[in-house]
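Here the structure is laid out as structure tokens; the discussion comes afterwards.
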Amino acid sequence: QVQLVESGGGLVQPGGSLRLSCAASGFTFSRYAMSWYRQAPGKERELVATITSVGIITNYEARFTISRDNGKNTVYLQMNSLKPEDTAVYYCYAVSFTTGANYWGQGTQVTVSS
């Protein structure tokens with residue numbers, strides 16, 4: 001059974017930091033590209049960052065850093081200098097470019113507010 005379980009979300013003040021984690025199970029994690037998406041209220045889901053199976057990173061938000069630990073089957077998103085506009089549900093996404101198999105996590109809420 002495939003699972004992607006996000007954690008680390010919560011309420012943080014503007015300028016603060018959070019580190020999100022996504023623990024994967026049920027598939028060969030090291031062979032999948034992993035991404036973080038976010039969806040703010042009333043907006044479409046948007047891609048935040050991707051790290052491929054060989055560690056190539058694409059960041060769409062300079063204040064955030066994606067990383068992965070294949071030994072722990074976990075992908076992380078370090079978020080710094082958070083702003084109110086970063087408020088959203090953050091989702092973990094896994095995709096195999098070889099087979100096309102893809103999976104979503106259930107999301108974790110991040111709220112940036114004073």
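Quantities reported herein were computed from a predicted structural model and do not represent experimental measurements.
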Taking only residues two or more places apart in sequence, or in another chain, which ones meet [X] in a side chain to side chain contact (heavy atoms under 4.5 Å, CB included)?
X   : result
F97 : A33, V95
I57 : I51, N59, I66
A40 : K43, A88
S30 : T28, N70

Exercise. How about F27 and Y32: are their ring centres within less than 6.0 Å of each other?
Worked result: yes
Problem set entry | Side-chain heavy atoms of F64 within contact of Q78, under 4.5 Å | no
Problem set entry | Check: C92 and M34 side chains under 4.5 Å, non-hydrogen atoms | yes
Exercise. Where is the tightest heavy-atom contact between T50 and S35, given as atom of each residue plus distance?
Worked result: OG1-OG, 2.7 Å
Donor-acceptor contact present, side-chain [X] to main-chain [Y], <3.5 Å:
X    : Y    : result
R68  : F29  : yes
W36  : Y76  : yes
S113 : T111 : no

For this session: Write out all pairs satisfying salt bridge (charged side-chain N to carboxylate O under 4.0 Å, His left out) with one or both partners inside residues 82-104, taking only residues at least two apart or from two chains.
Result: R38-D86, R63-D86
With hydrophobic residues grouped by side-chain heavy-atom distances under 4.5 Å, do [X] and [Y] end up in a single group?
X    : Y   : value
L20  : V48 : yes
W104 : L4  : no
V110 : V75 : yes
L47  : V89 : yes

For this session: Scan for side chain to side chain donor-acceptor pair (under 3.5 Å) pairs involving residues 2-19, sequence neighbours excluded, and state none if there are none.
Result: E6-Q106, S17-N80
Problem set entry | Plane angle bin for Y93 and Y37 - parallel if under 30°, tilted between 30 and 60°, otherwise perpendicular | perpendicular
